[in-house]
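Remarks on the structure that follows.
To find a chain, count down the sequence lines: A is the first, B the second, and so on, and within it residues start at 1.
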2 protein chains.
Amino acid sequence: MKENSFILKGNICYSDTKDRFISVDQGYLVCCQGISQGVYSVLPEEYQNLPITDYGDHLIIPGMTDLHLHAPQYPFRGLGMDLELLDWLEAHTFPEESHYQDLEYAEKAYRIFTEDLKASATTRAVIFGTIHTPATILLMEKLEAAGLKTYVGRVNMDQNCTDLLKEKNADASLADTAEWLKKTVNQYQNTKPILTPRFAPTCSEPLLKGLGKLQKEYQVPVQSHLSENLSEIAWVKELFPWSSCYGDVYHQCGLFGGEAKTIMAHCVHSCDIEVEMMREKGVYVAHCPQSNINLSSGIAPIRRYLEEGIPVGLGSDIAGGANLSMFRHMADAIGVSKLYWRLVDQEKKPLTMEEVFYLATKGGGSFFGKAGSFEKGYELDALVMDDHGIHTTRDLNTKERLERYIYLAGEGGRIIGKYVAGVKI
Amino acid sequence: MKENSFILKGNICYSDTKDRFISVDQGYLVCCQGISQGVYSVLPEEYQNLPITDYGDHLIIPGMTDLHLHAPQYPFRGLGMDLELLDWLEAHTFPEESHYQDLEYAEKAYRIFTEDLKASATTRAVIFGTIHTPATILLMEKLEAAGLKTYVGRVNMDQNCTDLLKEKNADASLADTAEWLKKTVNQYQNTKPILTPRFAPTCSEPLLKGLGKLQKEYQVPVQSHLSENLSEIAWVKELFPWSSCYGDVYHQCGLFGGEAKTIMAHCVHSCDIEVEMMREKGVYVAHCPQSNINLSSGIAPIRRYLEEGIPVGLGSDIAGGANLSMFRHMADAIGVSKLYWRLVDQEKKPLTMEEVFYLATKGGGSFFGKAGSFEKGYELDALVMDDHGIHTTRDLNTKERLERYIYLAGEGGRIIGKYVAGVKI
């Protein structure tokens, strides 16, 4: 019997496009060496020797990708949320992140974070660390041991922030980053480094340009924040008067898609020039609806991004978002799109359950390559969900059970099996 | 030892006004014959003979009031939510509610509902049933047995709805309602009837006026829906051309506050005339933020209502809302108020954690009299909450722990004790 080759049986749901939701009752999900061989109503002859785990009536869906979250902020999720972005960073975020120069603190905090992430619906995640290389490496080691697939970023910031988190200068930041990349780029099976300028305001132009060079040298992806808040956008315009828009700051430094595979979190208030640049460069939007509510940022126009063919996934944005569960973020993505339709633009239809399911699975998963679906050739990430604790008089079909699970944000249900790239974790 | 007389020890939080949040660590909450005698840091001499339950480090807060929910809709919570109000009523709500003419179905459905409500954070609730008197009485009996404090409404509707749910005519509806009131008005200790015209469009003028007379005769309160959706408001204007606003339809029929204590659910799009009428008549607003999102209704201007001194509580609006947990509705009330500030009116500051905590406890509880607080003289409803499953590196104070519990909508925590009017349930 080959390693990581098996069959899961149950009521299976997945998407192949954002408009095509597939559901197979009592189906067979075939995994050979960690790769999906597809979903079948009748098990093909050739797989009949593989071991079957029969999950009975339970739901089996692809693992979720959390495209944007801050591991060091996990200790204060749900706290201090009566502020907007820039004040919240000063009051809560920067003080917390400064603790991670202490490896003992990092050990404790990242252990909690990793255990909770492992227990959640998330199989893949793209994560911010802090400016501290040793703590970031510690986080990477923990995530690797947990069996999750992640990109992890050592954060760069050399201006406009508390001294506790300010790197000495651009050169020092770049030298440390290069050293970190050397150590980690080929070190792990599941964990990869990602370049992580915090956001334009805390990065000098030499730092951003130097990171652009490192990107080319190491061929690593990039993540940052973009157009989350109106004051932030005005500040970027002051700091980088030569830029045509906020995104252009990253773009001019080689950190905005194209060869540099890039995720930009938020994009709540992106102007037309920026949206066009995102489209042209294939920049991923990490849509973080709960965070955009919590920090009073607004509602990102996700329908527009989908119409324009911009790749979109969902992010918890811990600790702008409070909940780790991607079911909550799916529910919130639908919710804010309904309010956007009602309050902002009635041309932009709300997102459907099928669409947010796609965004949370294949939409974000595609940043990792073939992930987030059960189509043949995809790395097999799967969740097995028990919803028998959610009582009703009705006989629900599989799609209705999934819809309910999403709208309830997982309340009353539980995850009873989790597989990442064909490995049960 | 007197009945229902005891002391709860723990980290205690409650409000006495919407702006005054009180927290007493390792405090003593004294209950004599079901009534709070207040919270003390040092136990007064006179109470030293009462039995103490020491909940250690756990949080103790007042029970929550759910000011608006539909028991018969519980079976389809989280389903069919891609529609707006009027279409959703036709497609999902009315067909489900028609099942309750079958008492066997009602028995099964209301058993599930009551068990889940009993296990939730809700100690008091104001509930819609259906047009079916026997099923509504069954629901009242189950709620009484569960030990929850509730108002329950047998629904009136004699026009503009599916034949399956249309009462024969106004006279028949009124006669059945009078009979139901006679049977239930003094029947239970914890469960009381409330007049429940579904909403103006499904009630003829003679029906509404007749209900106004019954209100005077039986001195019972009133609940209905108001200004939830723009199409609904336009429809009411067509149906009742003589009304100055939607609320005026109820008002002209004696069903809008004053002597007739009244809850109106939603009030998302109330015009100035209506708001003034609500203020003058002391009409309660049941704010149902999750439902208003799910049905794309919009955001109710709760800050304005609070500024005008209109009484406000929170409602889950099952099944417009999907989650029973009032923690979720507190989080959503804050969230939508932030989006209202950002997208609609920057003069209206977002609601704070302290304010929504007040709304969910004393705000809604006041509809029941002295309920929803631990002040001396209040009926003692209490929840004991274990949040040790929510891990962090930080030492949080009691208020921060409550804030986190609310923002996480209860995720990771659990209710380990529940008291209603001094009775542990």
Under 3.5 Å, is there a donor-acceptor pair between the side chain of A/Glu403 and the main chain of B/Gly80? yes

Heavy-atom contact with chain B under 4.5 Å, split by part of A/Ile406: neither

In terms of heavy-atom proximity below 4.5 Å to chain A, should B/Ser297 be classed as side chain, backbone, both, or neither? backbone

On a heavy-atom basis, which atom in A/Thr392 and which in B/Pro75 lie closest, and how many Å separate them? OG1-O, 2.7 Å

Can you confirm whether B/Lys348 is buried at NZ, in the sense that more than 12 heavy atoms of other residues, nucleotides or ligands lie under 6.0 Å from that atom? yes

Atom CD1 in A/Ile293, atom CD1 in B/Ile334: separation rounded to 0.5 Å? 11.5 Å

Spacing of CG belonging to A/Leu343 relative to OH belonging to B/Tyr340, to within rounding of 0.5 Å: 9.0 Å

Name the region of B/Ile112, side chain, backbone, both or neither, that has any atom closer than 4.5 Å to a heavy atom of chain A. side chain

Which atoms of A/Leu408 approach chain B - backbone, side chain, both or neither, heavy atom under 4.5 Å: both

Heavy-atom check, side chain of A/Ile390 versus side chain of B/Arg77, under 4.5 Å: yes

With heavy-atom distances below 4.5 Å as the criterion, would you say the side chains of A/Glu96 and B/Arg394 are in contact? yes

Does this structure show an ion pair linking A/Glu84 with B/Lys338, if we count only N-O contacts that are shorter than 4.0 Å? no

May I ask you to check whether over 12 heavy atoms, not counting those of A/Lys18, lie within 6.0 Å of atom NZ? yes

Heavy-atom side-chain contact between B/Arg342 and A/Leu230 under 4.5 Å: yes

Salt-bridge criterion met for A/Glu411 and B/Arg328 (N-O under 4.0 Å): no

Taken to the nearest 0.5 Å, the spacing of A/Asp82 CG from B/Lys349 NZ works out to 10.0 Å

Best-contacting candidate, A/Asp116, A/Ile299, A/Val344, against chain B by heavy atom pairs under 4.5 angstrom: A/Ile299

Proximity breakdown for B/Leu79 and chain A, heavy-atom pairs closer than 4.5 Å: both

Return the CZ to OG1 distance between B/Phe76 and A/Thr393, rounded to the nearest 0.5 Å. 10.0 Å

Which atom pair, heavy atoms only, marks the closest approach of B/Gln290 to A/Tyr407? NE2-O, 4.2 Å

Listed by chain and number, what are the side-chain contact (heavy atoms from CB on, under 4.5 Å) partners of A/Thr130, not counting sequence neighbours? A/Pro72, A/Glu97, A/Tyr100, A/Tyr110, A/His132, A/Thr136

Does B/Glu347 CD have over 12 foreign heavy atoms under 6.0 Å away? no

Would you find more than 12 non-hydrogen atoms of other residues, nucleotides or ligands less than 6.0 Å from A/Gln346 atom CD? yes

To the nearest 0.5 angstrom, please state how far the CZ atom of B/Arg111 sits from the NE2 atom of A/His391. 9.0 Å

